[in-house]
Amino acid sequence: MATTPQTLSHPTAGGIDRSHRRVIFASSLGTVFEWYDFYLYGSLSAIISKQFFSGVNETTGFIFALLAFAAGFFVRPFGALVFGRLGDLIGRKHTFLITIVIMGASTAIVGMLPSYAAIGVAAPIILIGLRLLQGLALGGEYGGAATYVAEHAPDGKRGLYTSWIQTTATLGLFLSLLVILICRVALGDQFEVWGWRIPFLISIVLLGISVYIRLQLQESPAFLEIKKEGKLSTAPLTEAFGNWKNLKIVLLALFGATAGQAVVWYGGQFYALFFLEKILQVDAKAANLIIAAALVIGTPFFVVFGALSDRIGRKTIIMAGCVLAAVTYFPVFKGLTHFANPALERAVATAPVTVIADPADCSFQFDPVGKSAFTRSCDVVKSSLARAGVPYDNEAAPAGSVARVRIGTGEGAVMLDSFPGNTLGKAEFKTANDSFTAQLKSALTKAGYPAKANMEEVNYPMVIALCTYLVILVTMVYGPIAAWLVELFPTRIRYTSMSLPYHIGNGWFGGFLPVTSFAIVAATGNIYNGLWYPIVVAVMTAIVGTLFLRETKDRGL
């Protein structure tokens, strides 16, 4: 392929020449702002559930909020198809501008949207609509940024160049956490009343900066070259997915690269934050600061592993990251419990809780519309324990028996009987349930179970170290992935081809990790069982990627 003056400039001693630094900076900064917009919702999901889903009970509202967050991920592959096609037809730069405007405008409107209390059911409907727009925009964003930067990079440096794009998701998350923390500290109790809107409204400023920056960019030299030669694809979707030779690589890229990368990414950052705040009951501000510190320490490793992939290969590093995550997730998350909430660990060790119930009496307590009444005795017991954040084991009881809770073991164990709630009227059920909940809370307190993590007992250096390790695993699988995906596909359909497996992997396998893991924990009672989801997916990717995907570091574009 002929080169343009941009691709002929010589690298500096630092490895990236001035014109290329400008390309990387412009692409990366705009993408940071897009990720900031997208992750605000995830970081504020607890508050958003109260503001927009207050018409249902608290547990259902939180699940609803997680599902609304996941909805943005669900549509990302469709955004990849829409904007990937545009990117291959009209160019990378123009697609950049469209996606950033949609993302920024949607986020700003969330900050202005009236709550459920003000406009009723219209509030959550509009919110989910805005989340879908965000997901569509982000679905078109990443493929364009990665393709654009890679097509400017000289051979042998694509891992280094595109690794800067890989930092943007983490930097966007960090920026969202930082803005939220500043607003929390400045506004105090008012943050949850109205101050949560400020981080969303700041998107208006970020949108203006991003549009200005992207207007300064030129089209990528690789795209201009094939356009000049009349080799642009006239049907990118058909060529990318209707041709088995290319479709096979798309599927292998999904199951052998992006699926595992996605669950390690979300497991190491989002699920770690969820685990600290919701399961270990660590103070929200402290949990955000811990993750922010880990991100600051770990983020440079995106570039380290991206550059290293230019030397030893993309595949080796990504597969190693998936395997390490699968092997170490259980001990690392148990370590978080040990160092962040030792009182909970002590209580579980000395007074384990067991639910003894007829399995037929136990429901899967997932109620997306808030209309189901879980009043059977097993449901009463499990919902009470779940609300208290207490892990438990399950033991089968004879058919028809009322559920019981055993706290402790041996002769010193405390036994609490539930009640046949499905035989009571609404008023009688409430009275009986309140009485049982009070007895359970008293028994758990006597057994040493903390209502919240004791922040004076938190070993901050060790918790930050463990979270940093999780972030470094993220950098291993994510740092080289853009270069690998770009190199797997031809220029004429690259934007379309690489975007779909990336966004199905990250949007579906990764984006649904919080709600899937939460459901697994709630169903089993084991606070660590939610880790099985990312572990299984990571192992699948390590096997498929190792056996069927080729190394591409020496392949030219």
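It should be emphasised that the depicted structure is a prediction, and the values quoted were computed from it without experimental measurement.
Annotation: side chain of W194 is in contact with side chain of L187 (closest heavy-atom distance under 4.5 Å). With contacts defined as side-chain heavy-atom distances shorter than 4.5 Å, the pair I291/Q269 does not qualify. Considering only heavy atoms from C-beta on, F191 comes within 4.5 Å of L44 through its side chain. Contact of the F489 side chain with the V250 side chain is registered, since non-hydrogen atoms from C-beta on lie closer than 4.5 Å. Side chains of L181 and L289 form a contact here, defined as non-hydrogen atoms less than 4.5 Å apart. Side chains of I504 and T258 form no contact here, defined as non-hydrogen atoms less than 4.5 Å apart. Residues I180 and L40 have side chains in contact (heavy-atom distance under 4.5 Å, counting atoms from C-beta outward). Contact check for V474 versus L470: no side-chain heavy atoms found under the 4.5 Å cut-off.
Looking at every heavy atom in both residues, L207 comes nearest to A105 through CD2-N, 4.1 Å. Taking every heavy atom of both residues into account, G321 and L473 meet most closely at O-CD2, 4.3 Å. Across A257 and L549, no two heavy atoms sit closer than the pair CB-CD1, 4.1 Å. In plain terms, the two heavy atoms of I119 and P114 that are nearest each other are CG2-CB, 3.9 Å. Minimum heavy-atom separation, R85 to P236: O-CG, 4.0 Å. Minimum heavy-atom separation, V264 to C322: CG2-CA, 4.4 Å.
The backbone N or O of A538 sits nowhere less than 3.5 Å from a side-chain atom of T541 that would complete a donor-acceptor pair. Under the 3.5 Å distance criterion, the side-chain polar atoms of Y36 are matched with a main-chain donor or acceptor of P199. A donor-acceptor distance shorter than 3.5 angstrom exists from the side chain of D88 to the backbone of T496, with no hydrogens or angles considered. Using a distance-only test at 3.5 Å, with no hydrogens or angles considered, a donor-acceptor pair links the side chain of Q51 to the main chain of E192. Panel note: side chain S163, backbone G306; no donor-acceptor pair is recorded below 3.5 Å. Within the 3.5 Å criterion, the main-chain N or O of G140 finds a donor-acceptor partner in the side chain of Y495. When atom types are taken as modelled, the side chain of S115 and the backbone of F52 share no donor-acceptor pair closer than 3.5 angstrom.
Residues passing the side chain to side chain donor-acceptor pair (under 3.5 Å) test with E277: none are found, sequence neighbours excluded. With sequence neighbours left out, the side-chain contact (heavy atoms from CB on, under 4.5 Å) criterion links L466 to V332, L336, F339.
By the 30° and 60° cut-offs, the orientation of the rings of W196 relative to F200 is perpendicular. Ring orientation note: the planes of F275 and F333 are nearly perpendicular, at an angle over 60° on the 30°/60° scale. The aromatic rings of W265 and Y478 sit perpendicular to each other, their planes meeting at more than 60°, with 30° as the lower class boundary.
For the atom pair CG of N506 and CD1 of I481, the computed distance is 8.5 Å after rounding to the nearest 0.5 Å. To the nearest 0.5 Å, the span separating CG on L252 from CD1 on I249 amounts to 5.5 Å. Interatomic distance, L201 CG to I109 CD1, rounded to the nearest 0.5 Å: 11.0 Å. Between the CG atom of L178 and the SG atom of C183 there is a distance of 9.5 Å, given to the nearest 0.5 Å. The distance from atom CD1 of I100 to atom OG of S203, rounded to the nearest 0.5 Å, is 9.0 Å. Rounded to the nearest 0.5 Å, atoms NZ (K227) and CG (L89) are 11.0 Å apart.
Applying the salt bridge (Lys or Arg N to Asp or Glu O under 4.0 Å) definition to pairs two or more places apart or across chains, those involving residues 482-504 are E151-R494, R158-E487, E239-R492, R314-E487.
For Y533, the OH atom sits in a packed shell: over 12 heavy atoms of surrounding residues, nucleotides or ligands are nearer than 6.0 Å. The number of heavy atoms from other shown groups lying within 6.0 Å of CZ (R197) is above 12.
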Would I102 and L136 satisfy side-chain contact (heavy atoms from CB on, under 4.5 Å), going step by step from the backbone distance to the final call?
-> CA-CA 9 Å; I102 293 175; L136 285 171; 5.9 Å; no
Carefully, step by step, assess I48 and L127 under the rule side-chain contact (heavy atoms from CB on, under 4.5 Å).
-> CA-CA 10 Å; I48 286 173; L127 176 68; 3.7 Å; yes
Could you check L177 against L295 for side-chain contact (heavy atoms from CB on, under 4.5 Å), going step by step and ending with a plain yes or no?
-> CA-CA 11 Å; L177 293 177; L295 293 176; 4.3 Å; yes
Start with the C-alpha gap between D283 and K452, add the side-chain angles, then the distance that decides, and say whether side-chain contact (heavy atoms from CB on, under 4.5 Å) holds.
-> CA-CA 8 Å; D283 176 74; K452 296 284 185 181; over 6 Å; no
